[in-house]
Amino acid sequence: MADVPEKFLKPYDPKATEGAIYKQWEESGYFNPDKLPPLPDGTPRTEPFSIVLPPPNVTGTLHMGSALMLAIEDTVVRYKRMRGFKTLWIPGTDSAAIATQARVEKDIQKAEGKSRHDLGRDELLKRIDAFVEANKNTMIGQMRAMGSSLDWSRYAYTMDAPRYAAVMEAFVRMYNAGLIYRANRIVNWDPKGQTTISDDEIVHEERQAKLVTFKYSKDFPVAVATTRLETKVGDTAVAVHPDDVRYKEFVGKEYDAIFCGVPLHIKIIADESVDPAFGTGALGVTPAHSHTDWDIADRHNIAARPQVINEFAKMTVDGPLNGKKVAEAREIVLEWLKSEDLFVKEESTLQNVSTAERTGGIIEPLPKLQWWIDVDRPIAERSNKSLKELMRDAVASKQVTFVSERYERVYYNWIDNLRPWCISRQIWFGHRIPVWYKDGETKLSVESPGAGWEQDQDVLDTWFSSGLWTFSTLGWPAQTADLKTYHPTALLETGYDILFFWVARMILMSTFLLGEVPFKQVYLHGLVRDQKGQKISKSLGNNIDPVDMADKYGMDAVRVALIAGMAPGTDSKVSEDKIRGYKHFANKLWNMARFVLSQEKSGELMPEIVKEFDTLATEVTQHIEDYRIDMAIEKVYHYVWDRFAAQIIEESKGKPEYGATLYYLLENSLKLLHPFVPFVTEEIWQSMGKNGLIMVEAWPTRQSS
RNA sequence: GCGCGGUUAGCUCAGUUGGUAGAGCACCCCGUUUACACCGGGAUGGUCGCAGGUUCGAGUCCUGCACCGCGCACCA
């Protein structure tokens, strides 16, 4: 009998193992591709494989969603490293401007009873920096605990100096190309967050609403229906469908009325966008407080667009509505209509209310002077294509492919409906817009142009800087060696919920600024839900902390529980039971190693068994190449447990001629398993008297990718 | 309104180019004959949402329908 290391006499203990193993990996320097040695057989690493980590928000701690992301990416990265690629996985964290500022403001309000205005811009930013610094370290610790083989020497933060420089450069180039402009347009105003937000940050909620039919005045010929009576004091037109015979005779006529104390001048117009079947078939046009009405006003050259609601969702008109909140004003108008005998009827209707994703505030569309990105303007240096076309072409030309093809259609659908992107935010934390004003003059400049110049107060949408992530992390705008080697990145792996926010914006930024795609393939994972299929949220209290689970069952078990049974792009479920189940697998491996190590390495390799293993290795490899890592782990799991352990080991008992074959199977199984369960495989590998780390061993198949 | 998923064992889900229905968990029975009780052996359990069609053959392809979920737009 061979000597078995003493530690194998006890069950596998992940807690005693994982920290030390991670330290060894990190100290080896092999997370950094510059320090990565050739494969053990001397094959040099020539082909790069790069991924950027979707930077988690610094506000949070790691949840199961981030754990899934880290598990998937680490599995792919470890596989590619063993396949001989010059493998780079770049870590980072995201400033998440609005979310972070809101969080810190809330903390300060609670602890000191002060608002951001009490502190002032500089002080608030200092407090945020301190908060970010503290949180950052917690999150990095959690990523390490996951076993993530990230190259920490290239760590990036969206608000650090190199990224700041990239954001400024991007703004300047886009401004000079005429893609960024400042204009007074309807924005999505969040009265709760006191800022504009982009179309993608809106969540529609279905609610019951009162649809009221009324007339502006006794002699007004057409009744209109609305759910927002209070905005009617801002109406300047009534639109009907051009083919609607009921109203044809009135089109082009203009009327005056005093509506709830406010003088109105209303023109009746015909517009295709009106649905004759809805309400009375006549639409009161309120250009200042509705996107569609603004567009209708544009089409009919209606200049009058009075704003009647302010940033605090209060009425700004004279008369009885003055200063009232919108909900209150709505009731006042209704009473007034009834008293004036202008009320026709009231019915209940289902309405989609726009709310802000972050704050839950009801969006108030307002005209505001804001910064925008023009997605339709032809760009001379990009063959006169617009940003929209560049985004579309990147996917249509297959330069970017989706692992789940169905997301291509979702992506196109989004592009087709895309409006100008509002990129300015009325908060303090973020990249400040590099535009300066003095005496009516405007100047684009990163630094102050001199005395008397005042910088724009707004900061950029956080997704503006995130859009640069694949290349800002590689040193752009400098033409670094990293940028040449690793861009476009090979794979972008992230949740499908940020397809528009992030994936599309990265394609936009990269195709314009670099003239190339940011990544070749997109792998979208689904949401992690609890065992009942519910979304994991604080209010439900159903969050399972991955680090807690790792304390109980080992991180390898957490990783497998997340990956097994998860199809790309589909929501998956995770439960403590599932994690516990996979803890048994790590222990099984441990005991298999104990048995094999107790045998002599005698006899010849048994060709049938080796051939069977090679077939398995080929199949597993193919699954990983197809990014079906869920199928890969299940296949190797079953081979190892049901075939290798249950049958081959059992048959081998008392038969020394199996020795060499058992060692062959154990070593190669460990390699196949390493990307999925890195800790236990590394621990066993090193206990077998091997030189070096299994992390940089060669993948056990000769199949090319 | 436009679009995308899903519907397979009690539960959660696989099922890759059409070829006799699979796994894990749960449940039930047996087992401590030394790698492992964090285990081993065994059993039960499905007319694959419904209706048509193509085919020698359909969970898989086509058409229609139902229900569940999601995205986008509209919502006056």
Side-chain angles (χ1 to χ4, degrees), chain A residues 4 8-9 11-13 199-200 202-204 206-207 209 211-213 224-229 231-232 235 238-240 271 273-275 278-286 289-293 296 349-354 404-419 496-497 499-500 526-527 529-533 553-554 557 560-561 564-567 569-575 577-578 580-599 619 622-623 626 628 630-631 634-635 637-638 641-642 645-646 649-650 652-653 662 666:
Chain A
V4 181
F8 281 101
L9 298 178
Y12 174 58
D13 180 5
D199 293 343
D200 300 287
I202 289 177
V203 181
H204 295 284
E206 215 165 60
R207 290 184 193 175
L211 182 69
V212 176
T213 305
V224 301
T226 183
T227 55
R228 295 213 55 191
L229 271 179
T231 66
K232 297 297 103 181
D235 283 11
V238 164
V240 298
D271 194 276
S273 69
V274 178
D275 174 7
F278 190 94
T280 61
L283 156 67
V285 178
T286 324
H289 297 288
S290 155
H291 281 102
T292 46
D293 293 7
I296 290 172
T349 185
L350 262 188
Q351 184 192 29
N352 271 338
V353 178
S354 303
S404 305
E405 276 176 41
R406 62 189 154 104
Y407 285 107
E408 287 180 17
R409 266 163 295 186
V410 180
Y411 174 82
Y412 290 140
N413 187 255
W414 179 79
I415 292 178
D416 292 342
N417 289 312
L418 198 57
R419 292 187 294 192
Y496 67 69
D497 52 331
L499 173 59
F500 308 139
L527 300 175
R529 296 170 180 276
D530 70 5
Q531 63 265 51
K532 290 180 198 148
Y553 306 111
V560 179
M566 164 234 46
T570 307
D571 294 349
S572 56
K573 301 187 171 90
V574 74
S575 64
D577 281 345
K578 193 173 179 186
R580 190 186 299 118
Y582 285 110
K583 182 199 176 182
H584 300 169
F585 182 60
N587 194 56
K588 185 77 179 175
L589 282 175
W590 189 252
N591 285 306
M592 289 168 71
R594 182 205 298 188
F595 178 81
V596 173
L597 291 176
S598 74
Q599 306 299 115
E619 288 170 1
Q622 192 53 53
H623 283 315
D626 297 339
R628 289 305 304 262
D630 53 318
M631 287 164 87
E634 279 174 41
K635 191 150 252 167
Y637 176 96
H638 289 120
W641 200 308
D642 300 329
I649 285 183
E650 289 306 320
S652 77
K653 286 179 180 171
L662 291 179
L666 179 62

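Since this is a predicted model, take the numbers as computed values, not measurements. By convention in this document, chain letters (A, B, ...) are assigned in the order of the sequence lines, proteins followed by strands, and residues within each chain are numbered from 1.
B:G1 is paired with B:C72 under the criterion used here, namely a Watson-Crick or G-U wobble arrangement in which both key atom distances are under 3.5 Å. Base pairing of B:C56 is made with B:G19, judged by Watson-Crick or G-U wobble geometry with both donor-acceptor distances under 3.5 Å. Base pairing analysis places B:C38 opposite nothing; no Watson-Crick or G-U wobble pair with both distances below 3.5 Å involves it. Remark: B:U44 base-pairs with no nucleotide in the shown strands. Criterion, Watson-Crick or G-U wobble with two distances under 3.5 Å. Pair check for B:A66 finds B:U7; Watson-Crick or G-U wobble, both atom distances under 3.5 Å.
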Item to check | Step-by-step side-chain contact (heavy atoms from CB on, under 4.5 Å) determination, A:L527 to A:Y496 | outcome: CA-CA 8 Å; A:L527 300 175; A:Y496 67 69; 3.7 Å; yes
Item to check | CA sep, side-chain torsions, deciding dist, call: A:S598, A:F8, side-chain contact (heavy atoms from CB on, under 4.5 Å) | outcome: CA-CA 10 Å; A:S598 74; A:F8 281 101; over 6 Å; no
Next on the checklist: Apply side-chain contact (heavy atoms from CB on, under 4.5 Å) to residues A:S290 and A:T231 and explain how you reach the verdict.
Outcome noted: CA-CA 9 Å; A:S290 155; A:T231 66; over 6 Å; no
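Taking atom CZ of residue A:R406 and atom P of nucleotide B:C70, one finds them 14 Å apart after rounding to whole Å. Taking atom CZ of A:R409 as the reference point, atom C1' of B:G5 lies 11 Å away to the nearest angstrom. The nearest whole Å value for the distance from the CG atom in A:D416 to the C1' atom in B:A73 is 12 Å. Per the geometry, CG belonging to A:D271 stands 16 Å off C1' belonging to B:C75, to the nearest Å. Regarding A:H204, its NE2 atom lies at a distance of 7 Å from the P atom of B:C72, rounded to whole Å. Computed from coordinates, the A:D630 CG to B:U12 P distance equals 18 Å when rounded to whole Å. Computed from coordinates, the A:F278 CZ to B:C74 P distance equals 14 Å when rounded to whole Å. For the pair A:N413 CG and B:G3 P, the interatomic distance rounds to 9 Å; values are reported in whole Å.
With both ends at atom P, the span from B:G18 to B:U55 equals 16 Å, rounded to whole Å. Rounded to the nearest Å, the gap between the C1' atom of B:G45 and that of B:G3 is 38 Å. For the C1' atoms, the distance from B:C36 to B:A26 is 23 Å, rounded to whole Å. Of the P atoms belonging to B:A66 and B:C50, the separation is 16 Å, rounded to the nearest Å. Of the C1' atoms belonging to B:G1 and B:U44, the separation is 49 Å, rounded to the nearest Å. When the C1' atom is used for both B:C56 and B:U16, the distance is 24 Å, rounded to whole Å. Across the P atoms, B:C65 and B:C4 are found 14 Å apart, a figure rounded to whole Å. B:G15 and B:U33 have their P atoms separated by 42 Å, given to the nearest Å.
Backbone-only contact: A:R628 has heavy atoms under 4.0 Å from sugar-phosphate atoms and none from a base. Across all strands, A:T227 comes closer than 4.0 Å only to sugar-phosphate atoms, never to a base (heavy-atom distances). Nucleic acid contact for A:H638: sugar-phosphate only, since backbone atoms but no base atoms lie under 4.0 Å from a heavy atom of the residue. Residue A:F500 is classed as a sugar-phosphate contact, given heavy-atom separations below 4.0 Å to backbone atoms only. Within the 4.0 angstrom heavy-atom criterion, base atoms lie near A:D275. Using a 4.0 Å heavy-atom criterion, one finds that A:T292 contacts the sugar-phosphate atoms exclusively. When heavy atoms are screened at a 4.0 angstrom cut-off, A:V285 is found touching no nucleic acid atom at all.
Closest non-hydrogen pair, A:D293 versus A:T286, comes out as OD2-N, 2.7 Å.
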Checklist entry - Using a cut-off of 4.0 Å between protein heavy atoms and nucleotide atoms, how would you tag nucleotides 35-45 of chain B 5' to 3' with B, S and -? => result BB-BSS-----
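Residues A:M631 and A:D642 each lie close to RNA chain B; by heavy-atom proximity, the contact nearer the 5' end of the strand is made by A:M631. Taking for each of A:W414 and A:L283 the nucleotide of RNA chain B with the nearest heavy atom, the 5'-most of the two is the partner of A:W414.
Aromatic ring pairs are classed by plane angle as parallel below 30°, tilted from 30° to 60° and perpendicular above 60°; the pair A:W414 and A:F500 is parallel. Relative orientation of the A:Y637 and A:F585 rings is tilted, given thresholds of 30° and 60° on the angle between their planes.
The backbone N or O of A:D199 lies less than 3.5 Å from no partner atom in the side chain of A:R419, so there is not a single donor-acceptor pair. Between the A:T280 side chain and the A:A282 main chain, a donor and an acceptor come within less than 3.5 Å of each other. With hydrogens and angles disregarded, no donor-acceptor distance shorter than 3.5 Å links the side chain of A:D626 to the backbone of A:R628.
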